[in-house]
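First comes the structure, then the notes that go with it.
Each residue takes its place number in the sequence, starting with 1.
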Amino acid sequence: MQENMQAVHHGGFVRNSPFARIIALVTRDTNVVLVSAILNNLLRAVSSVLLTRLLMPEAFGIAGIIGSISFTAAMLSDLGFQAFVVRHEDGDVPRFLDTVWTVSLIRATILSGLLVALSVPIAALFAKPDLVPMIEWSALLFIVEGLASLTLLTAVRQRMILRLSALELASMLVQIIASLLLAWWLRNVWAVLIALFFSSAAKVVLSYAAFPNSRRRFALDPAYLRDLWGFARYVTGSSMITLLLMQCDKLVLARLMSLQDFGLYILAGNLAAAPMAFATAYTSRVLYPYYSQLWRDGTGDLRALFYAKKWLPSLLYSFAAGGLIGSAPLVIDILYDDRYAVTATYLQLLAITPLVALSSYSANEALVAAGRISTTFRANIVKLVWLAVAVPSAYFAEGAVGLVAAVGLMEVPSMLFKWVQLYHMGMLDLRREMLFLGAGLGGFGVGAAGTMLLAPLLR
């Protein structure tokens, strides 16, 4: 049963009473994702501001490198567990879930061992040998996270978005509190790395405590393993390309930049990712289950339903994402001191990606739900071709800033590719897509005007 229905009946309210309607509105999936994204971003912003007062920029550079290494390891072995569980017809069967959980835990253990074994050559690759103990510490996090219950995935299938969002918010609070206390005490990057352990441990505990039927057993059902491989072979290939797409800038710049400059770039990337928190969660937790259900039920007029579900969120999101680009210098002036001024340029360039992300991601989820599982892989090939051409050209022309601009634009060709796929399915409404982009331009104008008016007052 969905979270909104649980909320209506939990308090004993009559279904059509004012209290029930208010609760139903507040706990609607889209609103839960929106509020969760806002709270997460506010907490991250506050944490970032406080940590910059306690730690030097180099610490954020080191944390960024460690994060890139962990992400690389995760994507190289990505099997698409969430999409597989949400879409599979046996997604609620205990034997199926036990098999997926067992595979996930085995994967996490192997990843942890490989990272520890390769920590020295990985650090040498970045020409930063001091990273070895930090890489080994981060490797242990894979085992901790692998112990979590699959309720973190089945909650998406069962539309328990409110409870899942609350769990993630709680684990983030644990991480923020731990990182601030440890930063005050240690005054180095270990504060950030140790705090990740507290966050992961909290998520594991809550994954069992906050959901029913959370206990899992070791199982390796051959039929389900074949299904998983049949699904994952597309996901793994796509994830390897996604890895290159999302990490090429960090891997290159981590080698070329000083830790201080790279730390500024990482801060810009974290701020640019703020709207992405909503785009990613909304498309994967709200739109994908909704579209999957439509295809399973054989519902007609899919184009109308596709746009009706995302119409208002897309307009508001695009306006906000455009506003971030326009107001980037003001945001940096408000949050940080003069040492971080260069971050504004990086932020404006990287924020182009979130501007088009919701349109691109929602198209991707609709296509995958319709059975076109290779869409993500093919779209990533398009982005890979873009980067292969644009990154070297931009870097040689403008240096690091040119590379960042090429990375910021890479979601645009992917979006256009998915539009073509939607068109062939009779699901593309180009007029509405242009309205979403127009809302982004309006947000940019408002953000730029606000910067012009308010930035001089802060200097």
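- Crowding of Y290 atom OH: a count of heavy atoms from other residues, nucleotides or ligands under 6.0 Å exceeding 12.
- In this pair, F197 and W137 present their aromatic rings tilted. The plane angle is within the 30 to 60° band.
- With contacts defined as side-chain heavy-atom distances shorter than 4.5 Å, the pair T280/Y361 qualifies.
- Note: Y291 and F306 have tilted aromatic rings, judged against thresholds of 30 and 60 degrees for the angle between ring planes.
- For W386 and F417, the ring centers sit 6.0 Å or farther from each other.
- For W184, the CH2 atom is loosely surrounded, since the number of other residues' heavy atoms within 6.0 Å does not exceed 12.
- With sequence neighbours excluded, the residues forming a side-chain contact (heavy atoms from CB on, under 4.5 Å) with D429 are R303, Y307, R431, R432, listed by chain and number.
- Between I143 and A108, the closest heavy-atom pair is CG1-O, 4.2 Å.
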Report the C-alpha separation of F60 and T52 in whole Å, then their side-chain angles, then the decisive distance to 0.1 Å, and conclude whether the side chain to side chain contact (heavy atoms under 4.5 Å, CB included) test is met. CA-CA 9 Å; F60 300 101; T52 56; 3.7 Å; yes
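- Side chain to side chain, S360 and E411 meet the donor-acceptor criterion of an N or O pair below 3.5 Å.
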Audit row: W311, L435, side chain to side chain contact (heavy atoms under 4.5 Å, CB included) steps and yes/no: CA-CA 10 Å; W311 171 246; L435 284 175; 3.7 Å; yes
Could you walk me through whether K310 and E433 satisfy the salt bridge (Lys or Arg N to Asp or Glu O under 4.0 Å) test, starting with their C-alpha distance in whole Å, then the side-chain angles of each, then the deciding distance to 0.1 Å, before giving a yes or no? CA-CA 11 Å; K310 69 168 189 168; E433 296 291 354; 3.6 Å; yes
